There are 2 protein chains.
Amino acid sequence: MPRGQGFGQGRGGGRRKMFFLESCLLVLLHREQGYGYSLMDGLKEYGFRTEEMDISILYRALRELETAGLVVSSWGEDSLGPQRRMYTITPQGESTLTEWIQALRQRRMEIEALEAAYDAVKKNN
Amino acid sequence: MPRGQGFGQGRGGGRRKMFFLESCLLVLLHREQGYGYSLMDGLKEYGFRTEEMDISILYRALRELETAGLVVSSWGEDSLGPQRRMYTITPQGESTLTEWIQALRQRRMEIEALEAAYDAVKKNN
DNA sequence: TTTATCTATTGACTTTTTGTCTATAGTGAG
DNA sequence: CTCACTATAGACAAAAAGTCAATAGATAAA
């Protein structure tokens, strides 16, 4: 009965949007370490409209990633203004990212299948 | 601040998984009318593991589609066993489906962008 | 003809997720 | 010292998705 699509074990949805967000964050951190606002900026690459996004969501995602051991953080060196919490991806984060990319690939192919089915029927009218 | 990714206006997520499910249902109904269990069967085409899925979720989705005017239902002709509620897509359902497919296409391309970014960095190791 | 069983659908309850709003805290300017 | 700005954190409420029955007709079996 349980264990719906994709992954996730919780009830109300079990991952979903956060999954894509966290995957993007891991890809960004795979490239180079970063902190809240720098990552927020990097998200634009993946279609996030960050102007319309509450940054709390990003920090929540980062804390979840850290709790899961996929990233570690430390207070960064002096930067003009308040201290920044710098995030770095862990080896476990790297291998998890590989799995997540696989899952996204799977998801993309499911969407493709639906697109194809729709286009096929559309022709028949 | 509001109006996150994709669509939806509510708080807790605003569409997401249901969106893909309902899109699949509309594609199936675009092809031919159907009822609960026949649609459940059709979902297998799109990667749903229906054995592990509570059918309540499907009926909830169908009722939502009907409330939105995207499908209509009527009690079907005699079929061995209890009555079946037959669903048919409406013209509004057809045009909404076109939009939804567009949105899914967009989502697919976002995933592709992330896959590409990941593969690009991966090479550098 | 009761009883049991299977199919089809519906509704209530509950947990989890997610959006929003507010708070803390350091820094620099006036 | 006060004000404004940046960076992060936490609490709360609303909504979504998962689970668990309940209803109800029809057929088969005892």
Side-chain angles (χ1 to χ4, degrees), chain A residues 1-22 25 33-41 48-68 71 73-87, chain B residues 1-22 25 33-43 48-68 71 73-87:
Chain A
M1 302 84 172
R3 306 295 102 88
Q5 292 288 104
F7 25 71
Q9 65 298 60
R11 297 200 167 180
R15 268 38 297 287
R16 255 181 325 263
K17 179 171 281 187
M18 271 301 179
F19 177 66
F20 186 66
L21 172 59
E22 291 180 7
L25 291 174
Q33 63 176 141
Y35 63 98
Y37 279 71
S38 78
L39 292 166
M40 189 76 167
D41 200 61
F48 285 85
R49 297 209 306 265
T50 50
E51 329 84 50
E52 308 182 340
M53 185 174 160
D54 191 314
I55 196 164
S56 290
I57 289 168
L58 183 136
Y59 282 111
R60 175 157 54 207
L62 287 171
R63 269 175 271 144
E64 274 182 29
L65 289 173
E66 184 156 37
T67 301
V71 303
S73 73
S74 58
W75 290 106
E77 313 304 292
D78 42 73
S79 55
L80 307 205
Q83 288 267 282
R84 291 167 174 169
R85 185 177 281 280
M86 292 298 289
Y87 286 90
Chain B
M1 302 85 171
R3 305 296 100 89
Q5 293 287 105
F7 24 70
Q9 65 298 60
R11 296 202 169 182
R15 269 35 300 285
R16 254 179 329 261
K17 181 171 279 185
M18 271 301 179
F19 177 66
F20 186 66
L21 173 59
E22 291 180 7
L25 291 174
Q33 61 176 147
Y35 63 99
Y37 279 71
S38 78
L39 293 166
M40 190 76 167
D41 200 62
L43 286 177
F48 285 85
R49 298 210 306 264
T50 50
E51 330 83 50
E52 308 181 339
M53 185 175 162
D54 191 313
I55 195 165
S56 289
I57 289 167
L58 184 137
Y59 282 112
R60 175 158 50 204
L62 287 171
R63 270 176 269 141
E64 273 182 31
L65 289 174
E66 185 157 35
T67 301
V71 303
S73 73
S74 58
W75 290 105
E77 314 303 291
D78 42 74
S79 54
L80 307 205
Q83 288 267 280
R84 291 167 174 169
R85 185 178 279 281
M86 293 298 288
Y87 287 90

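Only heavy atoms go into these numbers, but all of them, side chains included; no hydrogens, no water, no symmetry mates. The structure displayed is predicted, hence computed values, not measured ones. Naming convention: chains lettered A, B, ... in sequence-line order (proteins, then strands); numbering from 1 in each chain.
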Set of residues satisfying side-chain hydrogen bond (donor to acceptor under 3.5 Å, both in side chains) with respect to Arg85(B), sequence neighbours excluded: Ser73(B)

So, is Tyr59(A) close to the dA9(D) phosphate, meaning a side-chain N or O under 4.0 Å from OP1 or OP2? no

Rounded distance in Å - CG (Asp54(B)) to P (dA16(D)): 18 Å

Applying side chain to side chain contact (heavy atoms under 4.5 Å, CB included) to Met40(A) and not counting sequence neighbours gives Thr50(A), Met53(A), Ile55(A), Leu58(A)

Length of the CG-C1' vector between Asp41(A) and dA7(D), whole Å: 15 Å

Quickly work out the Ile55(A) CD1 to dA7(D) C1' distance and round it to whole Å. 8 Å

Hey, is the side chain of Tyr37(B) poking within less than 4.0 Å of OP1 or OP2 on dA8(C), counting only N and O atoms? no

Length of the CG-C1' vector between Leu21(A) and dT18(C), whole Å: 11 Å

Which sits closer to the 5' end of DNA chain C, Ile57(A) or Tyr87(B), going by the nucleotide each is nearest to? Tyr87(B)

Taking side-chain hydrogen bond (donor to acceptor under 3.5 Å, both in side chains) as the definition, give me every residue that meets it alongside Tyr59(A), ordered by chain and number, with sequence neighbours left out. none

Ignoring hydrogens and angles, answer whether the base of dG19(C) and the side-chain atoms of Ser56(A) contain a donor-acceptor pair closer than 3.5 Å. no

Among dT19(D), dT9(C), dT8(D), the nucleotide that comes nearest once only the side chain of Trp75(B) is considered: dT9(C)

Can you tell me which nucleotide in dA17(D), dC20(D), dT18(C) comes closest to the side chain of Met18(B)? dA17(D)

Judged by each residue's nearest nucleotide on DNA chain C, which is more toward the 5′ side, Arg60(B) or Tyr35(B)? Tyr35(B)

Those residues at least two apart in sequence (or on a different chain) that pass side chain to side chain contact (heavy atoms under 4.5 Å, CB included) with Ser74(A) are none

Note down the inter-axis angle between the two ends of the helix from dT1(C)-dA30(D) to dG30(C)-dC1(D), five pairs each, to the nearest 10°. 20°

For Ser38(B), what residues pass the side-chain hydrogen bond (donor to acceptor under 3.5 Å, both in side chains) criterion, not counting sequence neighbours? none

Find out whether Gln33(A) and Val71(A) are in side-chain contact, i.e. whether some heavy atom of one side chain is under 4.5 Å from a heavy atom of the other. no

Rounded to the nearest Å, what distance is computed from the CG atom of residue Leu62(A) to the P atom of nucleotide dT8(D)? 8 Å

With a 4.0 Å limit, can you tell me whether Lys17(B) has a side-chain N or O closer than that to the phosphate oxygens OP1/OP2 of dG18(D)? yes

Rounded to the nearest Å, what distance is computed from the CD atom of residue Glu52(A) to the P atom of nucleotide dT20(C)? 10 Å

At less than 4.0 Å, is any side-chain N or O atom of Arg84(B) found next to OP1 or OP2 of dA8(C)? Yes or no. yes

Roughly how far apart are Leu62(A) CG and Thr67(A) OG1, rounded to 0.5 Å? 10.5 Å

Rounded distance in Å - CE (Met53(A)) to P (dA7(D)): 16 Å

